[in-house]
Amino acid sequence: MSSEWRTQPDAVAPLAHAETESSQSLRRRAEDRLSHPDRRERLDLTPDEAAQLLQELRVHQVELEIQNESLRDIQEALERSRARYFDLYELAPVGYVTLAEPGLIEEANLAAALLLETSRGLLIGQPLTRFVLPEDQDVFYRSRLCLFTTGERQTCELRLRRTGGASVWVQLQLALGMDSVAEARQARITLSDINARKQAEAVLREEDERKDQFLAMLGHELRNPLAPILHVAESLRLAPPRDPQHIRQASEILTRQVGHLTRLVDDLLDVARIGRG
């Protein structure tokens, strides 16, 4: 869809209006001529003059028929233009909002009204900042300032407050436009609902935080069995015991600690399997 967003149906209306004014003007001129004294006095016409007048009337009749056909074509074009406007703008799956340079909403489509849970009648004339959360006001201000300063398209993500009080994440794409009637600059904004994506990102961040906490705890747990294992290995190295009881105790310590390490490693492998789905 172009930056103009939609077909302007009103662009055809002046043509139809001009054609109507032309027909009315032609009728008035004809009536004025017929009411002229010279016309009233000359009621007797020669055969040649009568034939010429009849020819002029026929030509005028054909002109009127052509004008009527032209008006019908213009009317049909206007209806097609209105239908395209309704399909492209009103029934678009994303919200469209037109802002005047001071920031007031001049136009909004159905998707924008549904996104904000507000009727379009209540949106017109309101500042869009009224719906932006206080934490995201700076984001919107900078994007709008850059748009009107540089004329380049801007994209930002922020939260809008709905009428019910809930907030929704949206992506704003801002393009610079011109109001041809008022000859004033406008901000034409596309609003895309990205709430589901933001919620998924929040879930992923939470899972990453839990994984980091688990790995930190696991690292601490892995260090605990190493101390007794190292102690037993060092005692056996320095003073090889001859007492079978001492050897059995050392073996039990090593077996117990190795079993603990094995369980921790199994837990770590389970986490890796879950991460791979």
Under 3.5 Å donor-acceptor, D179 side chain and A100 backbone: no
E65 CD: over 12 foreign heavy atoms closer than 6.0 Å: yes
Heavy-atom pair of closest approach, residues L123 and A113: CD1-CA, 3.9 Å
N195 side chain vs W169 backbone, donor-acceptor pair below 3.5 Å: yes
Side-chain (E49) to main-chain (T46) donor-acceptor, under 3.5 angstrom: yes
Side chain to side chain contact (heavy atoms under 4.5 Å, CB included) partner of L174, chosen from T190, T155, L147: L147
Under 3.5 Å donor-acceptor, E107 side chain and I105 backbone: no
Donor-acceptor pair, side chain of R185 and main chain of F148, under 3.5 angstrom: yes
E157 and R197: CA distance, side-chain angles, deciding distance, salt bridge (Lys or Arg N to Asp or Glu O under 4.0 Å) verdict: CA-CA 12 Å; E157 296 179 357; R197 193 194 81 192; 2.6 Å; yes
Atom pair CG (L158) and CG (L172), whose distance is rounded to the nearest 0.5 Å: 5.0 Å
4.5 Å side-chain heavy-atom contact, Q67 and L64: yes
Non-hydrogen atoms of Q154 and E152 that approach each other most closely: NE2-O, 3.2 Å
Residue pair E101 / Q186, side-chain donor-acceptor N/O under 3.5 Å: no
Nearest atoms (heavy-atom pairs only) where I124 meets A108: CD1-N, 4.1 Å
D136 side chain to V139 backbone, donor-acceptor under 3.5 Å: no
L128 side chain reached by I189 side chain, heavy atoms, under 4.5 Å: yes
pair L160-V132: side-chain heavy atoms closer than 4.5 Å: yes
Closest approach of L116 to T118 (non-hydrogen atoms, all atoms of both residues): O-OG1, 3.0 Å
From CA spacing to verdict: side-chain contact (heavy atoms from CB on, under 4.5 Å), R72, N68: CA-CA 6 Å; R72 284 195 298 269; N68 288 335; 4.0 Å; yes
Contact check, side chains of R58 and L54, non-hydrogen atoms, under 4.5 Å: yes
L176 reachable from L191 in the ILVMFWY side-chain graph, under 4.5 Å edges: yes
Gap between atom CG of L78 and atom CD1 of I74 - 0.5 Å precision: 9.5 Å
Interatomic spacing from CD in E117 to CZ in R161 - rounded to 0.5 Å: 13.0 Å
Side-chain heavy-atom pair E201, L204 within 4.5 angstrom cut-off: no
Gap separating the CZ atom of R142 from the CD atom of Q137, nearest 0.5 angstrom: 11.5 Å
Minimum heavy-atom distance between A175 and R153, given as atom pair plus value: CB-NH1, 3.6 Å
Short side-chain to backbone donor-acceptor contact, R162 and L115, under 3.5 Å: yes
Distance, nearest 0.5 Å, that separates CD of Q173 from OG of S192: 6.0 Å
Under 3.5 Å: donor-acceptor pair, side chain of S70, backbone of I66: no
Smallest separation among heavy atoms of G125 and L104, with atom names: O-CD2, 3.7 Å
Sidechain-backbone polar pair: S167 side chain, R159 backbone, donor-acceptor under 3.5 Å: no
Distance in Å, Q257 CD paired with T262 OG1, rounded so as to fall on 0.5 Å steps: 11.0 Å
Basic-acidic side-chain contact under 4.0 Å: R210, E206: yes
OH (Y141) with more than 12 external heavy atoms under 6.0 Å: no
F140 and T129, any side-chain heavy atoms less than 4.5 Å apart: yes
